[in-house]
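Just follow the structure's listing: the first ligand is 1, and inside any ligand the first atom is 1. Fair warning: this is a prediction, and the values are worked out from it, not measured in the lab.
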Amino acid sequence: MSRKIHIFDTTLRDGEQVPGAKLNKRQKIEIAQQLAKLNVDVIEAGFPCSSPEDMQAVKAVAEQTQGPVIAGLARAVQQDIDIAWQALQFAERPRIHVFLGSSDIHLQKKLRRDREAGLQMCVDSVRYAKKLCEDVEYSTEDASRTDFEYLCRVIEAAVKAGATVINVPDTVGYAIPEEYGETIRKLRESVPALDKVILSVHCHNDLGLAVANSLAAIRNGADQVECTINGVGERAGNASLEEIVMVLKTRHAAFEAHTDLNTEEIYRTSRMVSRLMNIPVQPNKAVIGSNAFAHSSGVHQDGILKDRSTYEIMRPEDVGIRKHELVLTARSGRAALRHKLGELGYELDKDKFERVYNRFINVADRKKEITSEDLTSIVEIELTKVPETFSFQSLQIMSGNTMVPLASVTLIKDGRDLTDAAAGNGPVDAVFNCIERIVEQQGKLRDYDLKAVTMGRDALGEAMVRVEIEGVLYSGIGTSPDVIEASARAYLNAFNRFFANSH
Ligand code: KIV
Ligand code: ZN
């Protein structure tokens with residue numbers, strides 16, 4: 001019989017710990033609502049005591065997201081648990097997630113406590129959380145490097161104190177599949193109380209084994225996996241949600257386990273997270289990379305044309321990839337655009353629709369055909385824009401291999417056109433210098449990524465930047481058929497985030 005595996009998504013908490021990927025309240029709500037459409041079982045919305053902003057963001061997600069359980073992280077101390085509860089209490093289905101190191105390394109070197117004191121903190125914190133919230137998850141941080149007997153004692157005590165979920169994390173990505181699977185199997189044997197609760201795993205990817213370890217745990221009795229969209233997270237990241245879910249779907253017979261995910265929402269969720277966190281997805285990323293379903297060798301293409309099953313084990317449509325599908329042009333009116341947006345799953349109010357329509361016309365005037373991928377990119381960028389202190393109006397470039405590139409840019413602020421000109425090491429540098437002059441603020445470009453949304457010479461370009469402004473990293477994204485304009489829009493987007501933050 002097929003077992004249900006609970007999907008606990010921690011993109012908004014562990015995923016957000018990536019430097020420069022900080023999300024604001026509005027962005028967290030947007031991703032949480034998309035995760036609800038994807039039908040994950042649990043959304044870990046953040047770590048409320050980490051900052052007042054995160055507490056407010058978790059609260060907003062808890063109040064505005066229906067369906068999944070909403071979890072918030074807390075250290076095993078009363079103050080953290082109180083703050084987590086303040087953020088979570090209005091959720092339809094709240095969960096407090098308490099964690100404490102259980103390995104000797106963590107206990108001695110980080111917490112400066114012995115095992116008995118750690119055990120007591122576990123019991124006290126779970127009991128305390130349980131008074132506030134029925135659903136309490138307890139994580140034995142660094143479980144994969146914890147003495148097994150002690151791990152069993154902690155887990156038993158946590159269940160007795162009222163935990164409803166026990167998580168056994170491989171915090172530092174040290175585990176290997178056979179060993180980690182064996183730990184889960186032995187835990188089930190040694191701690192019968194685990195049958196009364198959900199047994200969860202949480203794997204990091206330091207050795208590239210996070211997904212393999214999660215799957216080994218599932219085979220050996222784990223009920224829940226904690227993972228992130230695109231595998232984003234601390235250091236080398238967390239186990240990738242889309243990979244685990246598609247393994248269970250594609251190789252169902254091998255695991256006799258399933259998830260309740262609406263897999264057709266995977267691609268859109270992946271794009272949204274990549275954009276809002278400004279973390280590009282590598283082209284060869286399994287399941288959702290741009291090459292994941294591309295067949296380039298002649299032999300493969302021939303096979304695919306004869307029968308897709310020759311070289312494809314999953315259908316792109318199953319993860320929501322609709323390749324180069326129909327097409328709108330500048331002459332397609334509002335009705336056609338609204339219809340296509342509906343097919344892609346976007347229901348926009350009048351204001352948002354008008355913004356998307358204006359940008360669509362602007363792009364379609366320069367790029368003859370707009371595909372589903374183009375439209376998705378346009379919509380998501382328009383919908384995730386920060387309030388614009390400065391908006392982009394136009395640019396001109398003079399460039400060549402025998403001259404110093406020059407750029408002139410016009411931005412709009414409070415209805416007024418502001419124009420300036422600057423030179424640079426290349427045309428993009430010249431445009432960035434111009435923008436800095438107009439907004440009267442310096443930035444240091446820390447990351448720059450440019451990719452084509454679709455194939456072909458007239459492809460829509462999508463630029464992502466990370467800019468350090470006054471010591472803080474801000475991300476920006478921009479799209480246009482002209483890659484220099486896409487870069488300018490992305491750079492300006494990062495500055496607008498800075499201004500939105502500082503006012
Ligand atoms: O990696 C880890 O151990 C964690 C815990 C807080 C669950 O993120
Ligand atoms: Zn983690």
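- Note: H252 and H258 have tilted aromatic rings, judged against thresholds of 30 and 60 degrees for the angle between ring planes.
- Around CD of E134, the count of heavy atoms belonging to other residues, nucleotides or ligands within 6.0 Å does not exceed 12.
- Between L450 and A463, the closest heavy-atom pair is CD1-CB, 3.8 Å.
- Stacking of R466 on the aromatic ring of Y474 is not recorded, the 6.0 Å distance cut-off and the 45° axial limit not both being met.
- The N, O or S atom of D14 with the smallest distance to the Zn ion (ligand 2) is OD2.
- Separation of atoms CG (L88) and NE2 (H97) is listed at 12.0 Å; rounding is to 0.5 Å.
- Between NE2 of H204 and NE2 of H202, the angle at the Zn ion (ligand 2) works out to 100°, rounded to 10 degrees.
- Separation of atoms CE (M1) and CD (E256) is listed at 10.0 Å; rounding is to 0.5 Å.
- The cationic atom of K59 (NZ for Lys, CZ for Arg) does not lie both less than 6.0 Å from the six-membered ring centre of F90 and within 45° of the ring axis.
- The Zn ion (ligand 2) has no N, O or S atom of E226 under 2.8 Å away, backbone or side chain.
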Distances under 3.5 Å, N/O of ligand 1 against N/O of the protein: list each pair and its distance.
unit_1	atom_1	unit_2	atom_2	d
ligand 1	1 (O)	H202	NE2	3.1
ligand 1	1 (O)	H204	NE2	3.0
ligand 1	3 (O)	T171	OG1	2.6
ligand 1	8 (O)	R13	NH1	3.4
ligand 1	8 (O)	R13	NH2	2.9
ligand 1	8 (O)	D14	OD2	3.1
ligand 1	8 (O)	H202	NE2	3.1

